[in-house]
Novice: 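Below: one structure in structure tokens.
So you know, we letter chains A, B, ... as the sequences are listed, proteins then strands, and number each from 1.
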Protein chains: 2
Amino acid sequence: MKASKVSEYSKHQLELATLAKALGHPARIAILEHLARVNACVCGDIVEELPLAQATVSQHLRELKEVGLIKGTVEGTSVCYCIDEENWKTIKEQLNTFFRELDAACQNCC
Amino acid sequence: MKASKVSEYSKHQLELATLAKALGHPARIAILEHLARVNACVCGDIVEELPLAQATVSQHLRELKEVGLIKGTVEGTSVCYCIDEENWKTIKEQLNTFFRELDAACQNCC
DNA sequence: TTATTTGATCGCAATAATACGATGAAGTGT
DNA sequence: ACACTTCATCGTATTATTGCGATCAAATAA
């Protein structure tokens, strides 16, 4: 992508795309679903759930954290990850707004 | 790899990730929003809306089409694109199911 | 203290995504 | 027939992502 043209997209388009990109890998979907399933904080045993090395899982966790979907809390020698409830609400609202945009579209076209 | 690790991702995890990946680029978000905004089929003037060359836009359109978000109909020498209402309903349901999964999670953790 | 555990980060290789000019295919108009 | 339009695809350069071993940092346990 040309750096000079990135600014041509609106802020919310860039935000949505960044968010979607974070969800655009099966490992990260699996991590989120695992965190949801155990309904509690899970630590590094996420690594055990995935067919990936510890370094790779750590990388995926960072990506999810950067986009605000999860948060991690240090607990002694391990780190407890969970879905970031606060941010998730905001993110969900962003996505739903986008969905409603699409819903309003294109009733009888083509 | 440890034997306890599941070597593959589930079908729905792969589907979700593929879908999210298709939304993971600002140009494709912009295309969808434009199609929604004009509330009718638009043809190759999508190119005029984006800071990208025709070949690149065509590429993005193909990705959106492959994942079922849009459809294109040939109209003479031009092609009319619009959101694929039918598929969009299915896709939205998939996403909402995923969202509900996350909603149920992690009430008071960390 | 030293050893161990947990997880983050670094460095690098392999792969995938992005962008664009050039070209091809198919329809339209002269 | 020819020129023109519209869009898809090809070839390819650039950049980003993915994955993993190695290593580092911090807390814990001996």
Novice: Give the rounded distance in Å between these two atoms: CG of Leu64(A) and P of dG7(C).
Specialist: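 It is 16 Å, rounded to the nearest whole Å.
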Novice: Run the side chain to side chain donor-acceptor pair (under 3.5 Å) test against Lys89(B) and tell me which residues pass, sequence neighbours left out.
Specialist: none
Novice: Of the residues in residues 21-29 of chain A, which ones touch DNA chain C at a heavy-atom distance under 4.0 Å?
Specialist: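 Nothing qualifies; none.
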Novice: For Glu8(A) and dA19(C), give me the distance from atom CD to atom P, rounded to whole Å.
Specialist: 12 Å
Novice: Identify, with sequence neighbours excluded, every residue that meets salt bridge (Lys or Arg N to Asp or Glu O under 4.0 Å) alongside Glu48(B).
Specialist: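 Expected list: none.
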Novice: Round to a whole Å and report the spacing from CD of Glu63(A) to P of dG7(C).
Specialist: 18 Å
Novice: Does Thr56(A) place a side-chain N or O at less than 4.0 Å from the phosphate oxygens OP1/OP2 of dT18(D)?
Specialist: no
Novice: Provide, to the nearest angstrom, the distance between the CG atom belonging to Leu52(B) and the P atom belonging to dT14(D).
Specialist: 19 Å
Novice: Return the set of residues passing side chain to side chain donor-acceptor pair (under 3.5 Å) with Lys92(B) (not counting sequence neighbours), or none when no residue passes.
Specialist: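 Testing Lys92(B) for side chain to side chain donor-acceptor pair (under 3.5 Å), a comparison that skips the adjacent residues, returns Asp103(A).
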Novice: One character per nucleotide, please: for nucleotides 2-8 of chain D, 5' to 3', B when the base has a protein heavy atom closer than 4.0 Å, S when only the sugar-phosphate does, - otherwise.
Specialist: ---BBBB
Novice: Kindly write out the residues that satisfy side chain to side chain donor-acceptor pair (under 3.5 Å) with Asn87(A), not counting sequence neighbours, or none if the list is empty.
Specialist: Asp84(A)
Novice: With sequence neighbours left out, what residues match Glu86(B) under salt bridge (Lys or Arg N to Asp or Glu O under 4.0 Å)?
Specialist: none
Novice: Report the relative orientation of the aromatic rings in Trp88(B) and Phe99(A); use parallel for angles under 30°, tilted for 30 to 60°, perpendicular for over 60°.
Specialist: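 Ring orientation, 0 to 90° scale: perpendicular.
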Novice: Test: side-chain hydrogen bond (donor to acceptor under 3.5 Å, both in side chains). Region: residues 13-22 of chain B. Which pairs qualify, not counting sequence neighbours?
Specialist: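 Matches after skipping sequence neighbours: Glu33(A)-Gln13(B), Ser10(B)-Gln13(B), Lys11(B)-Glu15(B), Glu15(B)-Gln94(B).
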Novice: Could I get the full list of salt bridge (Lys or Arg N to Asp or Glu O under 4.0 Å) partners for Glu63(A), not counting sequence neighbours?
Specialist: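 Counting only residues at least two positions away or on another chain, Glu63(A) forms a salt bridge (Lys or Arg N to Asp or Glu O under 4.0 Å) with Arg28(A).
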Novice: Taking the nucleotide of DNA chain D with the nearest heavy atom to each, does Val74(A) or His60(A) sit closer to the 5' end?
Specialist: His60(A)
